[in-house]
Amino acid sequence: MPGILLGDEFPNFEADTTSGRIKFHDFLGDSWGILFSHPADFTPVCTTELARAAKLRDEFKKRGVKMIALSIDSVEDHKSWGKDVMAYANEAGSPLPYPIIADDKRVLSVQLGMLDPDERDKDGQPLTARCLFVIGPDKKLKLSILYPATTGRNFDEILRVIDSLQLTAQKKVATPVDWKPGEKVVVVPSLSDCEATTLFPNGVTTKEMPSGKKYLRYTQI
């Protein structure tokens with residue numbers, strides 16, 4: 001199945017959406033982007049996910065991230081479904097704050113490797129898996145997460161990984177297990193101790209390990 005790998009330039013596809021026809025790179029502009037796919041309109045798990053994304057729109061906005069969804073139905077269905085989504089989000093009557101791509105021919109789903117072979121619609125056609133792509137301002141894929149159709153996403157984790165991606169894109173650090181913004185980060189191994197001391201004025205501490213190797217170095221950003 002075709003797909004896209006980390007570091008690849010994300011395809012500059014054209015598509016019809018609930019906000020009109022777009023060219024993806026133009027839609028992103030200089031922003032980060034998140035594209036998340038859904039098995040079908042008017043389905044329970046998808047509705048909860050889109051509502052959660054809508055509730056978090058200010059969190060994505062302050063991180064400079066544009067959201068866009070995809071489902072294998074028509075623009076007309078998406079617009080009708082959007083009313084259900086916003087009602088579920090306790091914002092009935094408000095517009096969905098991001099567009100939904102119409103992929104009723106499954107062209108993008110195939111191109112991006114989104115189809116779930118184990119989950120099928122009433123006609124026996126494979127549904128879209130819950131793919132999530134984070135794209136950087138350079139239009140390259142920075143992160144992908146693939147959930148089966150039966151498992152809803154955790155948007156707190158999505159925000160967490162975006163915080164990590166944006167931090168590590170600017171600083172020579174990595175984020176350790178279960179890291180949250182404000183916690184200590186680790187210095188990348190490619191930096192010498194001298195370089196680390198210069199780059200991180202808050203200081204660098206080294207965790208002593210049985211091997212005696214000084215590779216686990218922490219700093220506060």
Side-chain angles (χ1 to χ4, degrees), residues 1-5 8-43 45-47 49-89 91-116 121 123 125-146 149 153 155 158 162:
M1 184 181 294
I4 180 170
L5 302 176
D8 286 352
E9 182 173 294
F10 209 85
N12 189 21
F13 61 82
E14 292 189 42
D16 292 319
T17 79
T18 51
S19 298
R21 189 152 184 91
I22 66 160
K23 198 168 186 178
F24 189 56
H25 288 190
D26 292 341
F27 166 78
L28 291 178
D30 295 326
S31 300
W32 287 72
I34 175 173
L35 190 162
F36 51 114
S37 64
H38 298 271
D41 293 7
F42 306 105
T43 53
V45 177
C46 299
T47 300
E49 288 190 324
L50 263 68
R52 176 68 170 150
K55 297 288 281 186
L56 291 171
R57 57 187 173 274
D58 290 342
E59 292 296 323
F60 284 101
K61 185 177 180 180
K62 77 181 185 182
R63 290 165 172 82
V65 179
K66 289 186 176 179
M67 291 188 287
I68 189 166
L70 178 149
S71 183
I72 51 174
D73 289 293
S74 67
V75 167
E76 291 73 23
D77 281 344
H78 290 348
K79 288 181 177 179
S80 179
W81 181 34
K83 295 176 183 177
D84 288 359
V85 169
M86 295 309 288
Y88 183 84
E91 296 184 44
S94 298
L96 196 67
Y98 52 83
I100 308 177
I101 296 167
D103 192 32
D104 43 327
K105 303 298 184 187
R106 290 177 166 81
V107 173
L108 273 175
S109 300
V110 171
Q111 181 184 2
L112 299 175
M114 291 177 166
L115 295 181
D116 184 343
D121 63 16
D123 299 318
Q125 293 295 315
L127 295 172
T128 328
R130 299 185 193 283
C131 295
L132 183 136
F133 299 118
V134 177
I135 302 102
D138 59 1
K139 310 300 184 292
K140 292 182 179 179
L141 181 65
K142 304 300 182 183
L143 177 136
S144 64
I145 308 175
L146 178 62
R153 281 167 274 233
F155 274 83
I158 292 164
I162 288 172

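- Nearest heavy-atom pair across Y98 and A54 is CE2-N, 3.8 Å.
- For Y88, the OH atom is loosely surrounded, since the number of other residues' heavy atoms within 6.0 Å does not exceed 12.
- Nearest heavy-atom pair, C46 versus T43, reported as atom, atom and distance to 0.1 Å: SG-OG1, 3.1 Å.
- Residues L56 and I158 form no side-chain contact, since every pair of their non-hydrogen atoms from C-beta on lies 4.5 Å or further apart.
- Two residues are said to be in side-chain contact when any heavy atoms from C-beta on lie closer than 4.5 Å; W32 and K142 meet this criterion.
- Among L70, T18, I22, V75, the single residue meeting the side-chain contact (heavy atoms from CB on, under 4.5 Å) criterion with P99 is T18.
- Within a 6.0 Å radius of NZ in K79, other residues, nucleotides and ligands contribute 12 heavy atoms or fewer.
- The minimum heavy-atom distance linking R153 with S37 is given by the pair NH2-O, 2.7 Å.
- Annotation for A89 and A51: closest pair CB-CB, 3.9 Å, computed over non-hydrogen atoms.
- Within the 4.5 Å cutoff, the side chain of I145 has no heavy atoms near those of the V134 side chain.
- The OG atom of S71 sits 5.0 Å away from atom CH2 of W81, with the distance rounded to the nearest 0.5 Å.
- Judged purely by distance below 3.5 Å, without hydrogens or angles, the side chains of H78 and D41 pair a donor atom with an acceptor atom.
- More than 12 non-hydrogen atoms from other residues, nucleotides or ligands lie less than 6.0 angstrom from CG of D26.
- At a threshold of 4.5 Å between non-hydrogen side-chain atoms, the residues I72 and D104 do not count as touching.
- The nearest pair of heavy atoms linking L28 to G33 is CD2-CA, 3.6 Å.
- Using a 4.5 Å heavy-atom cutoff, the side chains of R63 and I34 are not in contact.
- Within the 4.5 Å cutoff, no side-chain heavy atoms of M114 are placed close to those of R106.
- The aromatic rings of F24 and F10 sit tilted, their planes meeting at an angle between 30° and 60°.
- The heavy-atom pair separating M86 from P95 by the smallest distance is CE-O, 3.7 Å.
- Side chains of D103 and S109: a donor-acceptor N/O pair is present below 3.5 angstrom, by distance only.
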